[in-house]
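In what follows, a structure is listed as structure tokens, so that the remarks can point back to it.
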Protein chains: 2
Amino acid sequence: MRPGLNNHPGDQAIAAPPGESSVAQALKQFERFLAERALRLTAARRAIIEAVLERAGHFPIEELIADLRRRGIRGSKATVYRTLPLLTEAGILQEAVVTGETRSYEAAIGREHHDHLVCLGCGKVVEFEFEAFEILQREIAARHGFRLEGHHHQLVGRCADCQRREVAPAGPPVNAEHPNRVGSGR
Amino acid sequence: MRPGLNNHPGDQAIAAPPGESSVAQALKQFERFLAERALRLTAARRAIIEAVLERAGHFPIEELIADLRRRGIRGSKATVYRTLPLLTEAGILQEAVVTGETRSYEAAIGREHHDHLVCLGCGKVVEFEFEAFEILQREIAARHGFRLEGHHHQLVGRCADCQRREVAPAGPPVNAEHPNRVGSGR
DNA sequence: TGATTGTTGAGACCTGGTCTCATCTAGAGG
DNA sequence: CCTCTAGATGAGACCAGGTCTCAACAATCA
Ligand SMILES: [Mn+2]
Ligand SMILES: [Mn+2]
Ligand SMILES: [Zn+2]
Ligand SMILES: [Zn+2]
């Protein structure tokens, strides 16, 4: 169920688990970002950053809110929804898996950019990173006179496990069409 | 305000407007598709196909429903929402510009596959088609043991016009951040 | 023609996300 | 420290796509 997969060198690879220091760094980065536009670093925002970085992997906003509640912090829905875009602009978060239903995010702070491959059967998410895509995208944008500011790129398919399961033990075919939706089958 | 733009050769370029024949072809194709799964070709479905093919370019579902109403056909929301995925599976429609807010569709029947480049400023949509992407995507899916079933690929940025408008006549910078959302600024 | 089974449509319902507004507070200045 | 003000918060109303329900309906076929 955990997406995982982090194939890039350097970084948090060896000793320190991503805890403390990463929060501190993010906080500093965010503070700078906020200062630049005369915004304020509040308790709520601090709490949200902590909660966010504590979650490894992709998470839906709803879960983040639950986390905050659990911690005793009363982060209101509105505040969270207002803060996440700020964190994104500040480069601390990035949107992930934006197909349909719910937005989800993931930490961006020490990571390379990447996109996602999602299994329609079980919701598994694999990350991929391919410089060629990035280059070609810039090329295309330029060709049309656009200044490229971002992209959504997501592949959907069936993972190996789900393919195997498909030609299953001959049991009744359950519900062949409509297996489940991308959102990791809620 | 209308996204528009359809730069691909052939098709509706010279003589025949995409009317009649295209509808007939789609109808036949859909009939075959339905037969295969013991579904029925009903009046509502016929009407929806016509309305759909009448719209050139990308359209949000809401507008399609309005079209139907206007024609006197009372296509219910539920029916339309149920039919569009069928038409998509049948290859008559394809999803388009699936970022955030609302789904939109476009005719797929005589067209090559393509993806989209969207202007964050004015909502303009440009289509692009690049075989290299398709190949690399298959490559990546394979590398992870996935059977690829589709993808969403959308570039976002600022079109030339909007960039020009940016360094505008020195008037007050309006509302620099939050220009508008992708959805063609509602 | 009748039986069977898929289809329709009005509207209730669901839910992620946004807005409102009274209240609070970060933080610059004194 | 104290004050002042513009930004921030949060409870909850609100909004809007989209889905579900269910009784009435109709395509197909024996
Ligand atoms: Mn990721
Ligand atoms: Mn298109
Ligand atoms: Zn799977
Ligand atoms: Zn533009």
Could you tell me whether H151(A) and H113(A) have their ring centroids closer than 6.0 angstrom? yes

Taking dA8(D), dA11(D), dG17(C) as options, the one with an atom nearest any side-chain atom of T102(A) is dG17(C)

Need one value for A44(B): base, sugar-phosphate or nothing, where a base atom within 4.0 Å counts as base even if backbone is also close, heavy atoms only. sugar-phosphate

Which whole-number value in Å describes the distance from Y81(B) OH to dT21(D) P? 18 Å

Any cation-pi pair here, R143(B) with F128(A), using under 6.0 Å and within 45°? no

Check: R82(A) side chain, dG10(D) base, donor-acceptor under 3.5 Å: yes

Can you measure R45(B) atom CZ to dA27(D) atom P for me and round it to whole angstrom units? 12 Å

Could you go through nucleotides 25-30 of chain C and list every protein N or O atom that sits under 3.5 Å from one of its N or O atoms, giving the distance for each pair?
from    : atom 1 : to     : atom 2 : distance (Å)
dA26(C) : N3     : R40(A) : NH1    : 3.2
dG27(C) : OP1    : L41(A) : N      : 3.3

Starting at CG of L87(B) and ending at P of dT7(C), how long is that distance when rounded to a whole Å? 13 Å

From the list dG10(D), dT7(C), dG17(C), which nucleotide is the closest neighbour of the side chain of A78(A)? dG10(D)

Whole-Å gap separating P (dA10(C)) and CG (L68(B)): 12 Å

Taken to the nearest whole Å, CD1/I65(B) to C1'/dG17(D) is 10 Å

Considering only side-chain heavy atoms of E62(A), which listed nucleotide, dT9(D), dA10(C), dG16(C), is closest? dG16(C)

Going by the salt bridge (Lys or Arg N to Asp or Glu O under 4.0 Å) test, which pairs reach into residues 47-61 of chain A, not counting sequence neighbours? E50(A)-R71(A), E54(A)-R71(A), R55(A)-E63(A), R55(A)-D67(A)

Q94(B) side-chain N/O to H114(B) backbone N/O, donor-acceptor pair under 3.5 Å: no

Salt-bridge test for R138(A) and E131(A): reply yes if a basic N is under 4.0 Å from a carboxylate O, no otherwise. yes

Counting distance alone, no hydrogens or angles: does the base of dG17(D) have a donor or acceptor under 3.5 Å from a partner atom on the side chain of K77(B)? no

Could you tell me the separation between the CD1 atom of I48(A) and the P atom of dA8(D), rounded to a whole number of Å? 12 Å

Solution key, residues 42-49 of chain A side-chain donor-acceptor pairs under 3.5 Å, sequence neighbours excluded:
from   : atom 1 : to     : atom 2 : distance (Å)
T42(A) : OG1    : R45(A) : N      : 3.2
R45(A) : NH1    : R40(A) : O      : 2.6

E134(B) and H153(B): side-chain donor and acceptor closer than 3.5 Å? no

If you find the nucleotide of DNA chain C closest to L34(B) and the one closest to R69(B), which residue's nucleotide is nearer the 5' end? L34(B)

How many whole angstroms separate atom CG of L84(A) from atom C1' of dT18(C)? 14 Å

